[in-house]
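This report refers to the structure that appears directly beneath it.
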Amino acid sequence: MPNSRIVLITGASRGIGRAIALRFAAEGDTVVVNYRANHAAAEDTLQRCRLTSPESIAYAADVSDPAEAAQLVQAVLNRFGRIDVLVNNAGISLQKQVQDTTDADWQKVVNVNLGAAFYVTKAALPAMIARKSGKIVNISSMWGLTGASCEAAYSAAKAGLIGWTKALAKEVGPSGIHVNCVAPGLIDTEMNANLSDADKCAVIDETPLCRIGTPQDVADAVLFFSSPQASFITGEVLRVDGGLTV
Ligand code: NAP
């Protein structure tokens, strides 16, 4: 398809990543659906993407492993020759008090939510810099802005992603690369399957827009950052949280 972009989305088998993949595919962009383990979900996302974007592919890689992250990027470059948009979305949550958080918990949460963005971006940057073009969108969280009780490791990793976004935007802006960040509030995905209806109602009560978010709400923000309408925006953090953290 003319003007079709190559869009690599980490953690796109389910939830927010899936919605982002479907949103770009609906634009006719070619999507790479990365995932870690859930082949069935990734295949379902891929088949739905291919309805509007037949060249799209799925690729299994644990992006918290530097070697697998590099292999993922190399596979995309071998197949398509470029990456126009990179969405660092893969993430995991952890609800534990600090004194119950093991060293292994800490390392895993920081490595998946923050390290993976570094590994994938580091591998993708040389090709973007060579073309003097690229959009990178990192998926942080409102907890990276405000901190969440019993989610200190997750909050730290997501805050790190915001600092990293701002620093990288300065570093690669002169190379024509935009780096921005979306900070979602509570979004209706499997990540929140542990929340009761009462928990969700409590959040809704606190939210000026009186609902929890959908994966599509986040996908729309990512599409905006990747669009020509955001051509003078970099290093920015866009909250998609219904006003909860205002
Ligand atoms: P989700 O429904 O649990 O889906 C997580 C996705 O990440 C899946 O596609 C999973 O792949 C993938 N993934 C996890 N670890 C991975 C790894 N090491 N390598 C590659 N892929 C990996 O989560 P979600 O709610 O859509 O969250 C997406 C992002 O938004 C995360 O960064 C999360 O922190 C952030 N976020 C979510 C919310 C929320 O309320 N849901 C709010 C703020 C921010 P498999 O299917 O193979 O396991």
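As a basis for the values below, the full set of heavy atoms in this structure was taken, side chains included, without hydrogen atoms, waters or symmetry mates. Order of listing sets the numbers, starting from 1, for every ligand and every atom in it.
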Nearest non-hydrogen protein atom to atom 14 (C) of ligand 1, with distance, is Gly91 O, 3.8 Å

Has Ala60 got any heavy atom lying under 4.0 angstrom from an atom of ligand 1?
no

For the residue pair Pro184 and Ile139, establish whether any side-chain heavy-atom pair is separated by less than 4.5 Å.
yes

With a 4.0 Å cut-off on heavy atoms, does Arg18 reach ligand 1?
no

Per atom 40 (O) of ligand 1, closest listed option by heavy atom (Leu195, Thr45, Asn192)
Asn192

Please determine whether any non-hydrogen atom of Ala37 lies less than 4.0 Å from an atom of ligand 1.
yes

Within a reach of under 6.0 Å around NZ of Lys96, are more than 12 heavy atoms found that belong to other residues, nucleotides or ligands?
yes

Of the backbone atoms (N, CA, C, O) and the side-chain heavy atoms from C-beta on, which set of Ala41 has a member under 4.0 Å from an atom of ligand 1: side chain, backbone, both, or neither?
neither

Hphob cluster co-occupancy, Phe224 + Ile16, side-chain heavy atoms under 4.5 angstrom:
yes

Protein residue, atom and distance nearest to atom 34 (O) of ligand 1, heavy-atom basis:
Tyr154 OH, 2.5 Å

Can you report which non-hydrogen protein atom sits closest to atom 43 (C) of ligand 1, along with the distance?
Pro184 O, 3.4 Å

for atom 31 (C) of ligand 1, nearest protein heavy atom and its distance come out as Asn89 O, 3.1 Å

Does any part of the side chain of Val246, heavy atoms only, come nearer than 4.5 Å to the side chain of Arg239, both counted from C-beta?
yes

Measure the shortest side-chain to side-chain distance between Val7 and Asp84 over non-hydrogen atoms and say whether it is less than 4.5 angstrom.
no

Quick check: is Val120 connected to Ile83 through a chain of hydrophobic side chains (ILVMFWY, heavy atoms under 4.5 Å apart)?
yes

Using the rule that Ile, Leu, Val, Met, Phe, Trp and Tyr join whenever any side-chain heavy atoms are under 4.5 Å apart, tell me whether Leu8 and Ile57 fall into a single cluster.
yes

Please state which option from Asn34, Ile16, Asp65 has its nearest heavy atom closest to atom 37 (C) of ligand 1.
Ile16

Is there a side-chain contact between Leu168 and Asn138 in this structure, where contact means two heavy atoms from C-beta onward sitting under 4.5 Å apart?
no

Tell me the protein heavy atom at minimum distance from atom 10 (C) of ligand 1, and give that distance in Å.
Arg14 NH2, 3.6 Å

Do me a favour and list the nearest non-hydrogen protein atom to atom 7 (O) of ligand 1 with residue, atom name and distance?
Gly11 CA, 3.5 Å

re atom 27 (O) of ligand 1, the protein heavy-atom contact at minimum distance is Met191 CE, 3.9 Å

Would you mind listing which atoms of ligand 1 come within a distance below 4.0 Å of any non-hydrogen atom of Leu186?
40 (O)

Ligand-side contact atoms (ligand 1) for residue partner Ala12, heavy atom cut-off under 4.0 Å:
9 (O)

Ligand 1 atoms nearer than 4.0 angstrom to some heavy atom of Ala61 are 19 (N), 20 (C)

Are the side chains of Phe24 and Val85 in touch, meaning some heavy atoms are under 4.5 Å apart?
yes

Quick one: which of Ile139, Thr10, Thr189, Val112 has a heavy atom closest to atom 25 (O) of ligand 1?
Thr189

Mark up the atoms of ligand 1 that fall under 4.0 Å of a heavy atom belonging to Gly15, in ascending order.
2 (O), 26 (O)

What protein heavy atom sits nearest atom 42 (C) of ligand 1, and how far away is it?
Gly185 O, 3.0 Å

Considering the options Asp241, Asp188, Asp217, which one meets the salt bridge (charged side-chain N to carboxylate O under 4.0 Å, His left out) requirement together with Arg211?
Asp217

Element-labelled atoms of ligand 1 that are located less than 4.0 Å from some non-hydrogen atom of Asn38:
45 (P), 46 (O), 47 (O)

Asp197 atom CG: more than 12 heavy-atom contacts under 6.0 Å:
no

Trp143: heavy atom below 4.0 Å from ligand 1, yes or no?
no

So for Ala19, does at least one of its heavy atoms come nearer than 4.0 angstrom to any atom of ligand 1?
no

Gln216 and Asp220: side chain to side chain donor-acceptor pair (under 3.5 Å), yes or no, with the steps?
CA-CA 6 Å; Gln216 292 74 22; Asp220 284 338; over 6 Å; no

Tell me whether Asp103 at atom CG has more than 12 heavy atoms from other residues, nucleotides or ligands lying less than 6.0 Å away.
no

Which of the listed options, Ala21, Ser13, Ser141, Ala157, holds the heavy atom that is closest to atom 11 (O) of ligand 1?
Ser13

Looking only at non-hydrogen atoms, which of Asp62, Val109, Asn113 approaches atom 18 (N) of ligand 1 most closely?
Asp62

Are Gly213 and ligand 1 in contact, using a heavy-atom cut-off of under 4.0 Å?
no

What distance do Asn38 atom CG and Glu43 atom CD have between them, rounded to the nearest 0.5 Å?
11.5 Å

Candidates Asn111, Leu114, Val73 - the one meeting side-chain contact (heavy atoms from CB on, under 4.5 Å) with Tyr119:
Asn111

